[in-house]
Amino acid sequence: MFIVLAMMIIMFVDCMLGLFANTRIRGSYELVQVILSVVVFMSWAYTQTEHGHIHVVMFIRKFPTKLRFVIFAFVSLLSTVVMAIASFGVLRMIMDKMGNHEKTATLLIPYWPFYMIEFIAFIIFTLALLGDTFKAFAAIVNKDAAEDVMSTWT
């Protein structure tokens, strides 16, 4: 929340300076851009660890119990694979940005440290999804695991 607050203060001060003093904070757009990218991807990982993502299970609730969890486990596995591929993509982006020494235009902030934070967030998200996938597969054969998985459905 501190990071979001800092981002809001930067934007507010930049707008007020532009309105009343006809000047701007140099590089404010770049700062907000890199901060926002970190906040967004870290929030995905945090929300998954807290089981805060919404599961739309309106249709699979009508299926027989085992089929319900087979479908849910398959979708969980698919989500995990997609995030693992995305994590690999971010890793490749880090290598590219480090190799090209790519920086922001105004403040010359290197991009790769922010991509590194995103990569860590993606890995945490992927691992959280993997754990939930194992639970979903366990729910196919275990009633206690099924109740645990269903407790996160909204």
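- Minimum heavy-atom separation, Leu108 to Lys103: O-CD, 3.5 Å.
- A search for ring pair (Phe, Tyr, Trp, His ring centres under 6.0 Å) contacts involving Phe137 returns nothing, not counting sequence neighbours.
- Ring centroids of His53 and Phe125 are separated by less than 6.0 Å, placing the two rings close together.
- Between the side chain of Thr47 and the main chain of Trp44, no donor-acceptor pair closer than 3.5 Å is present.
- Every side chain to side chain contact (heavy atoms under 4.5 Å, CB included) that Ala84 has, sequence neighbours left out, goes to Thr126.
- In this structure the side chain of Met7 reaches within 4.5 angstrom of the side chain of Leu36, judged on heavy atoms.
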(request) I would like to know whether Ser28 and Met11 meet side chain to side chain contact (heavy atoms under 4.5 Å, CB included); could you show each step before the answer? (result) CA-CA 7 Å; Ser28 63; Met11 288 187 298; over 6 Å; no
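- In this structure, the separation between OG1 on Thr49 and CG on Leu127 is 11.5 Å, given to the nearest 0.5 Å.
- Between Met150 and Phe69, some side-chain heavy-atom pair lies under the 4.5 Å cut-off.
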(request) Let me see the working for Val82 and Leu129 under side chain to side chain contact (heavy atoms under 4.5 Å, CB included), right down to the final yes or no. (result) CA-CA 10 Å; Val82 167; Leu129 283 170; over 6 Å; no
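- Asn22 CG: 12 or fewer foreign heavy atoms inside a 6.0 Å radius.
- For the residue pair Ala136 and Ser76, the shortest heavy atom distance occurs at CB-OG, 4.2 Å.
- With Glu30 contributing its side chain and Leu107 its backbone, the two residues share a donor-acceptor pair below 3.5 Å.
- Between the side chain of Arg24 and the backbone N or O of Leu17 there is no donor-acceptor pair closer than 3.5 Å.
- The backbone N or O of Glu102 lies less than 3.5 Å from no partner atom in the side chain of Lys97, so there is not a single donor-acceptor pair.
- Within 6.0 Å of the CE atom in Met42, the count of heavy atoms belonging to other residues, nucleotides or ligands does not exceed 12.
- Within the 4.5 Å cutoff, the side chain of Leu91 has heavy atoms near those of the Met95 side chain.
- For the residue pair Ala73 and Ile140, the shortest heavy atom distance occurs at CB-CD1, 4.3 Å.
- The main-chain N or O of Asp144 is found under 3.5 Å from a side-chain atom of Asn142 such that the two form a donor-acceptor pair.
- Considering only heavy atoms from C-beta on, Met1 stays 4.5 Å or farther from Leu5 through its side chain.
- Using a 4.5 Å cut-off on side-chain heavy atoms (C-beta onward), Phe122 and Met83 make contact.
- With Asp14 contributing its side chain and Ile25 its backbone, the two residues share a donor-acceptor pair below 3.5 Å.
- For Pro113, the side chain to side chain contact (heavy atoms under 4.5 Å, CB included) partners are Pro110, not counting sequence neighbours.
- Within the 3.5 Å criterion, the main-chain N or O of Arg61 finds a donor-acceptor partner in the side chain of Arg68.
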